[in-house]
Amino acid sequence: MSERLRITVIGTGYLGATHAAAMAESGYDVLGVDIDPRKVDALSRGEVPFYEPGLPELLESNVTAGRLRFTTDFAEAAEFGDLHFIGVGTPQHPRTNAADLSQIDAVIGSLAPLLRRPCTVIGKSTVPVGTAERVREQLHALAPAGTDVDLVWNPEFLREGFAVADTLTPDRIVVGLADPAGPGEPPTRDEEVMRRVYAPMIEWGSPFLVMDYATSELVKVSANSFLATKISFINAMAEVCEATGADVTRLAEAIGYDDRIGPKFLRAGIGFGGGCLPKDIRAFMARAGELGVSDALSFLRDVDGINNRRRASTVALARELVGGRFVGKRIAVLGAAFKPDSDDVRDSPALDIAAAIYTAGGDVVVHDPQAMVNAEAAYPNMAYAGSVEEALTGADLVLLLTEWPEYTGLDPAMVVGLPSNPSILDGRNCLDVGRWRAGGWTYRGLGRPNA
Ligand code: UDX
C-alpha cells in the first residue's frame, strides 16, 4: 500500500464525483473512473456535469492542486489504486421492481482481470442484500491467481443537495466485512484500511460501525425504507385530513414535538421521488420475495401506493380547481426537480404531475431554476419558461411542486397581476397562506382543505 493512499472512484455520478472530490480533499491521490468520456472530460476541466451546491468549488480546487484526475481507462485505474471505490448506479430494472446490477458486474468484469497489486475494492452503491457476497466471489474468480484483493461494503447515505457536507462529515460510516473481528479481537486488515481512509471523518466525530456484509447492505435499504415510510405516513394523514377538514401541517408540527417521532421528514405534499427512495423500496420488496420473507415488507407496498396516490390526487385537485377540465387551461408548474437544490428529475413527482396534466390536455408551462435541461430531455413536447414571471403570465392555475427558495421567496403581491387567475396549489405546503391570501391569491394546500 502506498505511503499516501491512492484511491480510485469508479462511477462519477452524484455519489462517485462527490466521493472522489471528498477523498482528494482529505489529502489522498484520487483517480475518478467513468466509461462516459464526456463526463470524464468535463470533470477533468473541473466542471461538474450536474447541479450540486459546493461541489464545483471542491472539485476545481482539488483538480488544480493535482490531487484529483479522471480517466476512462480501467488499466490505469488497476495500476493506480490501493483502494477502488465503486459508486456506479443500481437503477430499477426496466421490466421488474428489482435492482439492475449490471453496472456493478461490468465494473468487476473490467477491473478484476487487470489487478496486479494488493488492493481493496469497496462497494458504495445501494444493492440488494447478498450482493457483496456474490461480488466478492466474482472478484476472486476474475482477478489473476494469487492477487491480494478483498471486498468491503461501505454504503453511502448522502442526500442530493447536501452531498458535499454528507460526504466530508457523514453522520455515520458503515463498514461491511466478509469476516469482521469478533468482540475483543484485534481489527482485521480490511477494518484498518477503512479506519485509515476515513480517519479525517472519524476524527471529526463520525461514528464508525463495523458489521457483516448482509447487515451493511440492509442498513442502507432499511434507512431509506424508514424515511419513505415516514413521508408516506404523513401523506396518509394528509388524505385523512382532506376528508375531515383537518390541517396536516399543524398535525405534523404537533406530533413532531414528541422527540420519539421528531419533526423531520413529516412534510406532507406531493410525495417522494428521486433516484433513491422509490427504486430502493421496490428493490427491497423484490429481494424480500426472493428470500421468502415478502410478508415482512408488505407494508412497503402501501408506502409506495400512498406515494403514487399523491401524484394522482394532486392532478385530480388541480383539475377541480380549473373547473373540471384541463383543455384550454394554462397551468404554470413551478418546479421539475424531485427536490430543491438538485437538477435531478428521476422519478420526480413534480415532473410526473406536469406530464399527466399535459397528457390530459392542459397547456402546461414548466419552470425550474436548475432542472430545465433534464426535464426537457425527459418531456421534450412540454413548454418550458425561461423565468418564473414568464411561467406565471396568463396562468389559470399555478402549481408549486418543488420548494425552491426562488418560489417560496416570491412576493405574492408583486406577481399577483401576472396570471389570468391568481390561484395557487401549494404541492409542498411551503408557502405562508396568510401572506398569499393577503397578496390577492386563492390558496390551496395539500391535506389542509380549510387552510
Ligand atoms: C435519500 C436519503 O435521504 C439519503 O440518505 C440516501 O443516501 C439517498 O436517498 P435523496 O434522494 O437525496 O436522499 O433525497 P431526500 O432528501 O431523502 O428526499 C427524498 C424525497 O422525499 C424528495 O422528493 C423530497 O421532496 C421528499 N420529501 C422529503 C417529502 O416529500 N417530505 C419530507 O418531509 C421529506
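Each ligand, and each atom within it, is numbered from 1 in the order the structure gives.
Among pairs with a residue in residues 8-31, those fulfilling salt bridge (Lys or Arg N to Asp or Glu O under 4.0 Å) read Arg4-Asp29, at least two apart in sequence or across chains. Applying the salt bridge (Lys or Arg N to Asp or Glu O under 4.0 Å) test to every pair with at least one member in residues 195-218, sequence neighbours left out, gives these pairs: Glu191-Arg195.
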- Task: Apply side chain to side chain contact (heavy atoms under 4.5 Å, CB included) to Tyr407 and Arg428, showing your working.
- Result: CA-CA 11 Å; Tyr407 306 146; Arg428 295 292 187 174; over 6 Å; no

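Under a cut-off of 6.0 angstrom, the local environment of CZ in Phe233 is sparse, with at most 12 non-hydrogen atoms contributed by other residues, nucleotides or ligands.
Between Trp436 and Trp441, the angle of the ring planes goes over 60°, which puts this pair in the perpendicular group of the 30/60° scheme.
Each of Glu156, Phe157, Leu158, Arg159, Glu160, Lys220, Asn224, Leu227, Ile231, Phe265, Leu266, Arg267, Gly271, Phe272, Gly273, Cys276, Leu277, Phe338, Lys339, Arg428 has a non-hydrogen atom positioned under 4.0 Å from some atom of ligand 1.
Remark: Pro278 pairs with Phe272, Arg282, Asp347 by the side chain to side chain contact (heavy atoms under 4.5 Å, CB included) rule, at least two apart or across chains.
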